[in-house]
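Notes follow the structure.
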Amino acid sequence: MIDERKPVAFGDLRGWMKALDGAGELQKIDAEVDWNIELGTIARLAQGAGTGPALLFSNIRDYGANARCRQVFTGGLSSTRRVAMMLGLKPDTHPRELVKLGRSVLTGSVPPNIVKTGPVKENVVLGDDIDLYEFPVPQWNRVDGGRYILTYGGVVTKDPGTGTMNVGVYRGMVGGKNQIPILMWRAQHIGHHATAWQQQGHKEMPIAVAIGWEPSLDFVGGSPVPKGICEYDVVGAIRGQPVDLVKCETVDLLVPASAEIVIEGYLGLDPETFLMEGPFAEFTGYVAGDASPKNSIRVTCITHRKDPILRGTIEGSLPGSYSENGMCSSIMRAATAWNVLDRAGVPDVTDVWCPPVQTGVNTLVQIKQSYRGQAKQVANALWGSSAAHVRYKHVTVVDDDIDIHDYGAVDWAIAYRVNAGENDIVIMPDTFGAGLDPSTRRRDRNVTQFGTGKWNRVLIDATINLDYDPDPGLGGARFPPTVWPAQDDIDAAKARWRELGLDKTKRE
Ligand SMILES: Cc1cc2nc3c(=O)[nH]c(=O)nc-3n(C[C@H](O)[C@H](O)[C@H](O)COP(=O)(O)O)c2cc1C
């Protein structure tokens, strides 16, 4: 049973860093580190498989004492311990409980406060004084097309009809002193807004990016919050207090009053104004998204706190190094899938998990089967949902005796409960899907041409096949019993454990 969560309002990025420091979760790096490749390399190596600390770099080459910005913070959410802290739970809360909480946490709502001013207004930079190169933006990877200033900022836009704001995380590269080309898919909520502004005849859309605030903003910005719900309301619910927002200087948008840095401007909608962006080391763990012309932010103002801290993240999960996106996706994408299954009426889903190494592209679902074909219902429900756009390519369904947090258990079920000749492997060809997956041919990754990537999806039904006839020789069961001992035999053996000297070994 999950402990009751106690929502925490950390105040700002600095409050969050203080909490991390107190919990032994922050590594401060005072030695000089180069923004060019070295910082990103250290971040990727240090994060490990969800085991590394958050990092604060405070001595960055070319950004010494007199620089406008001298520090970079990363890795705040690259472990389940820190995700649990952000949600107001004990750091050792099991990821299964985080998924269960994730099911409701994105529907909470505490509306924001609008305040007159705040620390983010301590410095206001306008016009010719704007120079993005004054910030220690990392060249995160040697292979990246440039220095990525937007990796974990909350990108704020507004529906021109309803006025509802959206906050999402979208990557953006320094394209000049005051230009940031970004990766914006039309299927994302920012894309819906861009289309709406365009349909009203506008060639630009107001935009603001809040960089460096409490971790719930990053977490919610990168999660699939339903359309029409403002992420600020959800953030308020997670932290248990309204977010204090201030008006931007040059656009009609609101941003957290104690953000470290806010970049304001207009996103170009006319292809004539597009700038080259990419490639980038992407969430798949591969270099993805070739250089191509993209919508670009024309920066009209930067506001920032005294001695601001640039918040960024190294994207890309792969074996041995799990990104913040991978860690948060493992929880939120599993929680979203579970909700999709519930809404579709799939009965008795008992657990859902997306291991962080693959950011929710493979999904594990545990069910208590009561009728034939239930696993196929799971896959159909997931793939028919818009939440499957860039997730749930491969769905593995197991019975409720298989712990989906133990990949060995899942592997065993696949070995002995899957029979491809009995339709336990089902391919759903030619569906929508992520445009960044290198297993899709280059032509089919052309999002500009097709609006989406192309995925051939697979269900692995690793449940016991209820289409088999019950076996009278097995007392009506369809499968033989496993060799796991009966409980009485286990109890008798365990009673002798100490006598046999087995209590000193680690294995239980
Ligand atoms: C670190 C990180 C980087 C991301 N980069 C992009 C990106 O460049 N483009 C994009 O469309 N989505 C990107 N995403 C995914 C979106 O943030 C995510 O789909 C989110 O739900 C979008 O917000 P929306 O639901 O309001 O559209 C990224 C997510 C994270 C966590």
Side-chain angles (χ1 to χ4, degrees), residues 40 43-44 47 74-78 83 86 102 106-107 140 144-145 148-159 164-173 180-196 207 209 211 215-235 267 277-285 288-289 292 294-297 311-317 322-333 335-336 354 356 359-361 385-392 433-436 447-448 451-453:
R44 191 176 297 290
Q47 71 190 357
T74 183
L77 292 173
S78 60
V83 175
M86 182 251 317
L106 291 189
T107 54
W140 294 94
D144 292 346
Y148 274 78
I149 187 164
L150 306 189
T151 51
Y152 224 177
V155 179
V156 189
T157 55
K158 186 164 75 169
D159 183 314
T164 305
M165 281 182 292
N166 184 72
V167 188
V169 177
Y170 311 103
R171 79 184 200 204
M173 190 181 104
I180 309 175
I182 67 167
L183 173 66
M184 177 195 77
W185 292 317
R186 288 285 168 162
Q188 303 285 56
H189 295 155
I190 186 176
H192 297 189
H193 286 179
T195 304
I207 194 164
V209 190
I211 302 176
S216 47
L217 186 70
D218 310 325
F219 181 76
V220 172
S223 296
V225 174
K227 192 180 175 191
I229 295 181
C230 177
E231 279 80 358
Y232 286 136
D233 296 9
V234 181
V235 168
L267 184 72
E277 188 266 3
F280 185 55
E282 259 300 342
F283 76 92
T284 56
S292 61
K294 307 251 172 49
N295 304 76
S296 184
I297 302 175
R311 201 312 185 203
T313 195
I314 184 104
E315 197 32 306
S317 266
Y322 300 173
S323 67
E324 296 186 73
N325 190 1
M327 201 54 69
C328 295
S329 287
S330 68
I331 294 155
M332 290 319 302
R333 301 291 170 172
T336 303
C354 301
T359 327
V361 170
S385 142
S386 61
H389 177 218
V390 292
R391 295 295 191 283
Y392 319 140
L436 296 172
V447 175
T448 316
T452 170

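In listed order, ligands and their atoms are each counted from 1. Just the heavy atoms: all of them, side chains too, but no hydrogens, waters or symmetry mates, feed the values below.
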Looking at G316, is its backbone amide N or carbonyl O close enough to the side chain of R44 to form a donor-acceptor pair, meaning the two atoms are under 3.5 Å apart?
yes
If the condition is side-chain contact (heavy atoms from CB on, under 4.5 Å), which residues does S323 pass it with, not counting sequence neighbours?
Q47, E315, S317, N325
Within the side chain of N166, is there an N or O that forms a donor-acceptor pair under 3.5 Å with the backbone of D159?
no
List, ordered by chain and residue number, the protein residues whose closest non-hydrogen atom lies under 4.0 Å from any atom of ligand 1.
T151, Y152, N166, G168, V169, Y170, R171, L183, W185, Q188, H189, G221, G222, S223, P224, E231, T313, E315, N325, R333
Shortest non-hydrogen separation from T74 to T313 and the atoms involved
OG1-CA, 3.5 Å
When you measure from the side chain of Y148 to the backbone N and O of G278, does any donor-acceptor pair fall under 3.5 Å?
yes
Side-chain heavy-atom pair W185, V390 within 4.5 angstrom cut-off
yes
